[in-house]
Structures are given as structure tokens and as C-alpha cells.
Amino acid sequence: MPAIQQAFQQLFSSAVEAKALTFQPTRPEFEGDVTINVFPFLKASKLGPEQTATAIGEHLKANVAIVDRFNVIKGFLNIVIADRYWTDFLVEAGSRDILQLEPTGKKVMVEYASPNTNKPLHLGHMRNIFLGHSVSRILQSAGNEVVKVQVINDRGIHICKSMVAWQNFGNGEMPESSGLKGDKLVGKYYVEFDKAYKGEVEVLVNSGKTKEVAEKEAPILREAQAMLLKWEANDPEVRALWQKMNGWVYDGFNATYARMGVEFDKLYYESQTYVLGKNDVLDGLKKGVFYDKDGAVWVDNTKEGLDEKVLLRRDGTSVYMTQDIGTAIKRFEEFPGLSKLIYTVGNEQDYHFKVLFIILKKLGFPWASELFHLSYGMVDLPSGKMKSREGTVVDADDLMEEMVNEARTTGEQLSKLDDITEAEKSRLFEQIGMAALKYFLLKVDPKKRMLFDPAASIDLQGHTGPFIQYTYARIKSLLGKAGRSEDQTIRPSDNVAADDGLLTEERTVIKLLHQFPAVLHESATHLDPSSTANHTYELVKAYNSFYQVVPVLKEEDAAKRDFRVGLSAAVAKATKKAMWCLGMEVPERM
RNA sequence: GGCCCCGUAGCUCAGUGGAUAGAGCAGCUACCUUCUAAGUAGCCGGUCGCAGGUUCGAUUCCUGCCGGGGUCGCCA
């Protein structure tokens, strides 16, 4: 880059801004590795596009060692970088983890699950959890210290509904007695509640009440509301039931998280945080940041293009926003070095977070500008939106089971695994099924709404997690036969093969490896695993093309063979790390 | 209605100012006595929602419109 600027200065005695200078990978139909578009410089060079490009090209060739040759097509300067540069890079890629970037010295908190405890986890949670988990690992690989946190919405009317229903209709059913997973059991009573509630509403409507009145007066709802009040008053019996049922849910969630392969450094319980924020809001009121209207505390965001919002009710109680204000403040107190806080929450809460961040800025917290809402789109089914009340949700445990079974069916059909134990097979199919699922959810831009078709969407072939795993396993097989591990990739002498000229297949793979750190960096900057996911696919796809036509172990020239083994090892190493960043495992064989 | 997000191949998605817009799936074809065929190569498939504008150059940026979704509680 500086070389180009220098070239420009000398050739045309005129400076060029760094941002006007764009390098792009040369399109495969032309010869070259990097391409510079010279159109932006025509005014300064006062020459036509071809002459400008040629002049720069000549200069670079004469002055920059790694520039081997160039060609000019229209306004595009295609530069061929010397083989030596690529082989040197490959040695580097073999000797260290190129996907572990320089430490930034920053500590980042990522919140990536916030389930309610009244029902089991579903597909929507899975997108949230895989996304946040992957972003955490990408940030870590990009040199940050990461704190992963979960918020558990363990209190409120929703859990009281399950509790009331269990009390009324449960006959003491327990996870142990029914064989139901704890979260499923509690979820079952949430559904029971809804059924009973609807029945009661219907009865009331038939007795002449309006629907609105009936929906407010249904006895079982009143019961749940009364239970919430008792909970807030610390009623021992209610609290004991609450603890018992939440305990079941946590057991269930933990089993689900374990299978998902995700983990948290710290848990926040809403029952502990919901009291936070009140004093902060009152402080803001004193400072004149907020105002009093009819006894309630409001914030006015009309200048920011939003509207007014209540922060404390007239009776002095909190709203959702209040506790989020308090929780954010608390987190920065608990983690003094924290420089960034990321909330992985669905895009239906875009407005909420916009308001939250503005409020914290108004309260004068310097870190308020470092808050980020990692907003992701909903997951739709072919039938439309998932609705828990209509029973159209895709259950997380069921889906994982289905995916793993799918992997098993395919794997056993291929019958390449007859010599391994049943336990090893189970572990392998678990890895494959989970990767298929995770990759499917992570390969698309997080902020976009996506479609999940359980029947057809999840493939084990093509642009998928298992495709990547398969490539890795094939390389491992090669390395095994060559007696090398992926960590002892290229001996420096291996790159002698380069003197013979890199094959285009080799060059393509190395270039993709070379781009990988930049892609990872971009993934971390945009908090978007999809670019990493897609680049990993590009890499292994290119490797597969190489593998198909270029002999590795069968190559007779020992130097070339070693070089290709080293190339393969470097791909395996980067692939494994990239997959780790996406929360997926890679199998030794498949 | 106000505000926000999205609209690219039959389907699912890449592509955030550059060349003739790319993958996967689906359909068709070729390649396993050769390093794992969960693979590779090829064919088929496009008014980048529509209309203007900015620019040497727009799928990409701006405006308007159309279509889809979200959100606008002293709910969470």
C-alpha cells in the first residue's frame, strides 16, 4: 500500500489518499493475484486508464520485490505476486495460528441468551445462542478478552402461570416421576394454564361479558397475578414452589446447553436484577435528565427522533427499561475493565435498545457509546412465524436429536465406519448433526430474517457444516498417512517446490488462507459470523478442487509432496480454528 | 399512520462504489481397480422489487413508490 502511494507520488507528483486505493482479489478469469482499479486516479495522472495502470505497474515491478509481473485490462491493473511471497506465507501459516489476531487489550461482555423459565428452548433461541456464542469466540480470536453472560428471566407473571397450573392440575408430577425433562414439564403446565384460561374466558363470554372483561377477570389469571404479588412479598410457600420449578427448568436448560456445546462465564437472574435501576432513574430525575408527569418518571427522546417513555410508574414501581438501566450500570461496576457490552437479542427489541442506550448516554456514563445491540432476525418456518401458543415452535432438543439422527442415517449408508466403536460413531454423528444445524443458522447474515424448512433445509451436502468437516477429515487422513500432524506443517525446506512455479490450484488455496485473518477481523468488527462461515467454505471448496486434480502423497517429487502435505496441513489447521470460532467441532475421520 | 429492517436464479443464501452479479439445493450430464464420491467437473437457470437521482462507473449511495416483516403499553 505505501509502495503504491509512493509510486503515485513519484510518477504523477501528486498524492493519493489511502482510502481511494482499493485492492481486490483478481477475478479468476484474469492472470494476477491482486487488482488495483486506477479509475479514481485518472484526474491526477492526467493519462488514460491504460497508461496510468501501466505506469504504476512498471514502477511497482521495478521497486517492489514481491511484484513479479502485471497486466492491464481496461482500467484494471492486475498484479502477480511472486511465488516466494506465497510460499513464505504458507510457512508462517503452518508455524503459528494465523486466526489468532494481535491482543487488543480490550475486555468485551457478550450477553447471548435470555430465556424465560416457563418454557423450553426453541429454534429462535438456537439462532440467538449460536450467534452469541460464535461472536464471543470470534472476538476472542480477534484478540479480545470475552465475558459470556446469560440473563435468566426467572420471575414474573409467566412463571407464575406455570406454577398455578402445576398446583391446580399437576398432582405432584415431577421430572423424576414423569420422566419428562424439567423445562418440558414446566412448559407443559404453561400450556395447561393457557388452555384453562381460554376455557374460563369462553365461559365468561357466554355468560354475557365482553371479551376484554372476560380476559381480565378469568379466575386462573387472577390466581397467577395473586401469586406474583405473593412472590414479591416473599411468601415462603410461593418462593419454595418457585425455586423448585425453576430448578427443574435449569436442569433442563443445562442439558440443552451442554448438547449445544455452549457455556457461560456468569449468570444474571432477573429475580436479582429487577430491583436495580430505580435509584439511577431517580438520580436522573434529580439531575433533570428525566421529568415527572402525573407522578411517573419519563424520559423525552423526541429530539432523537423517538418519543417519550415511562421509566418509573406512578406507584413508583419499575418497568422493564428500569432494570435494564440498572443492570447495565451494575455490569460495568462488576467488570471495571469492560470496554464493550454486546446484547444478542432479536430485532423485535430494536426500539427498546435504542432507547436504553440513549438513556444511559443521557445519564452521562462514558461507556454508553460502547453498548451494542447485536440484533438478529426472526427464524420463520414454511408455515410462517413460530407461535408457541399454536404449537408451531420447533423445539431445540427435538431438532438436535433429529439432526443427529439424520447424520447417523447418512453416515451408516455410506458405511465407511465399520471399524470404529459404537461410542465413537455416536460422538461423530453428534459432531456432524450439530455442525449441520449450527452452520445452517450461522451462514446467513444475522440481521436478516431467515427461513427454516425442517424437511428440506438441513442438508449434509454442499454449502454446509458437514462439507467442511469432511474436507478436514480427508486432510487428516492424508496427514496420518504422511506421518504428520497439522501442527508440524511445513518445514522451511518444503517451499523449495515453489521454484518450479505454484500450480493455480495451490495458489488459489494459499490466497484464501492469506485472506482469512482479514476476514476474521471483519467478522469481529461487524459481529457477524457469517463472513467467517462463508470464507471457511470458500477455503475448503478450493482445497477440494486442488485435492481432486493435484496428487499429494502420490507425487513422486519429494519436495513437491512435502510442500503439498504442508499446504494441506495449513488448511486443516485454519479450518479447525475457524470452525471453533463458529462453535463447531471437526472429526478426525468421517 | 410514524419509525426501523428486508426484497438478488424455481428454492435457500453470498456479494456494503468497479470488469461478463456468484454459491448451495432442486433438474440434467460426466468422473470411484488412483491420496475418503458427505467429493470433483460441466449444463440449465438473473429486467439484482419498480422509477428517478449522484458518479467515469450503482445490486451496492440518495429520494420516491410497491411488496414482506417488526415496532410504536405506567407489558416483559
Q) Starting at CG of A:Asp350 and ending at P of B:rC4, how long is that distance when rounded to a whole Å? A)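 My rounded result for the distance is 11 Å.
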
**Q.** Residues in contact with RNA chain B, drawn from residues 113-121 of chain A - heavy-atom cutoff 4.0 Å
**A.**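 The stretch gives none, as no residue of it lies under 4.0 Å from the strand.
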
Closest to the [X] side chain: [options]?
{"X": "A:Lys448", "options": "B:rG7, B:rA38, B:rA76", "result": "B:rG7"}
{"X": "A:Ser545", "options": "B:rA41, B:rC13, B:rU36", "result": "B:rA41"}
{"X": "A:Lys74", "options": "B:rU20, B:rU40, B:rA14", "result": "B:rU20"}

Classify the ring geometry between [X] and [Y] as parallel (under 30°), tilted (30 to 60°) or perpendicular (over 60°).
{"X": "A:Tyr274", "Y": "A:Trp231", "answer": "tilted"}
{"X": "A:Tyr197", "Y": "A:Phe193", "answer": "parallel"}
{"X": "A:Phe452", "Y": "A:Phe440", "answer": "perpendicular"}

**Q.** Base-pairing string, 5' to 3', of RNA chain B - Watson-Crick or wobble, under 3.5 Å, | interstrand
**A.** (((((((..((((....[...)))).(((((.......))))).....(((((..]....))))))))))))....

Q) Looking at the rings of A:His373 and A:Tyr343, which for Trp means the six-membered one, are their centres under 6.0 Å apart? A)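 Between A:Tyr343 and A:His373, which both carry aromatic rings, the centre distance is not below 6.0 Å.
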
Q: May I ask you to check if A:Arg127 and A:Tyr376 form a cation-pi contact, with NZ or CZ under 6.0 angstrom from the six-membered ring centre and within 45° of the axis?
A: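 No, A:Arg127 does not sit over the ring of A:Tyr376.
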
Q. Since syn is defined as within 90° of 0, does B:rC43 count as syn or as anti?
A.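 Anti conformation for B:rC43.
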
